[in-house]
Amino acid sequence: MIPLVGVINVKHWPRSRSFRLWIPLFLLWLLLLPFAILLLPIFCVVCLVCRVNPFQAIATFWSILAGLRDTHIEIDNRDALVLIRIL
Amino acid sequence: MNEHRRQILEMLSQGKITADEAERLIAALDKNAASESATVGRTTPTTRYKYLRVLVDSDSGGNPHQGPVKVNIRVPMNLLRAGVRLAGLIPPQARDHVNQALRQKGIPFDINQIKPDNLEDLVDQLNELTIDVDANNKGGSGEEKVKVRVFCE
């Protein structure tokens, strides 16, 4: 399943200064869906010109998108803490 | 011969139990052993880990301009699988360029040899990957300690 929410959390020193952003990715996918449908024929033509199986390409991109779920990146140093989570 | 079976036979030889009782006990032992081996067989398939973890813990050793840095990255294995599948999408004309660039860098590797099955094996072998790096760098501003761990969980 593709990720539905992204969380970006930035805490500056002192840690009371915090910035937390929830990105509703499911809305983003809904917004991008019409564009994706419009661009699909062009994408298929480009794939065929490059001699790449368009179905295989779509499946691979879809699996990359789905694989992003549960990604967790956390970087903490003296000045700030940056946390990126994809749920 | 295991210990329980030996005890049963000893009890039989000492006349504490009859031959029928001994037979029933041995049958019960065999039944238990069979069910235990079946349970073990079910619970020991190769573990498929879900994430690749990268942990970096760096301590600058008192450097006032650079504090401790901690990095904690968790990458889903499914993302790695999908990523390596991208290699299959490289157009044939681009593969020659990639091979040529690799040869120029001194890497005699033919990207045409990468097959989806091989890639799956490659990612599966990552399950047993564990990298531990523990380094101490002595510089002008003090001792810097760096610990890097890469493993699957």
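Chain identifiers are assigned alphabetically (A, B, ...) following the order of the sequence lines, protein sequences preceding nucleic acid strands; residue numbering begins at 1 within each chain. All values reported here derive from a predicted model rather than from experimental measurement.
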Part of A:R85 within contact of chain B (heavy atom distance under 4.5 Å) | neither
Please tell me if the side chains of B:K145 and B:S58 come closer than 4.5 Å, counting only heavy atoms from C-beta onward.
-> no
Is the backbone of B:I131 close enough, under 3.5 Å, to the side chain of B:R149 for a donor and an acceptor to pair up by distance?
-> no
Which one, B:L89, B:L80, B:V71, B:I90, leads in non-hydrogen pairs under 4.5 Å with chain A?
-> B:L89
Answer yes or no: is there a side-chain heavy-atom contact under 4.5 Å between A:V5 and A:W22?
-> yes
Report the C-alpha separation of A:I58 and A:F43 in whole Å, then their side-chain angles, then the decisive distance to 0.1 Å, and conclude whether the side chain to side chain contact (heavy atoms under 4.5 Å, CB included) test is met.
-> CA-CA 9 Å; A:I58 291 169; A:F43 178 78; 3.6 Å; yes
Looking only at A:S63, A:G67, A:A57, the option with the highest number of non-hydrogen pairs under 4.5 Å against chain B is A:G67
Most contact-rich option vs chain B, by heavy-atom pairs under 4.5 angstrom, among A:I73, A:V82, A:T71, is A:T71
When heavy-atom pairs shorter than 4.5 Å are enumerated against chain B, which of A:C47, A:A66, A:C50 gives the highest number?
-> A:C50
Is it the case that B:R53 places NZ or CZ above or below the six-membered ring of B:Y51, under 6.0 angstrom from the centre and within 45 degrees of the axis?
-> no
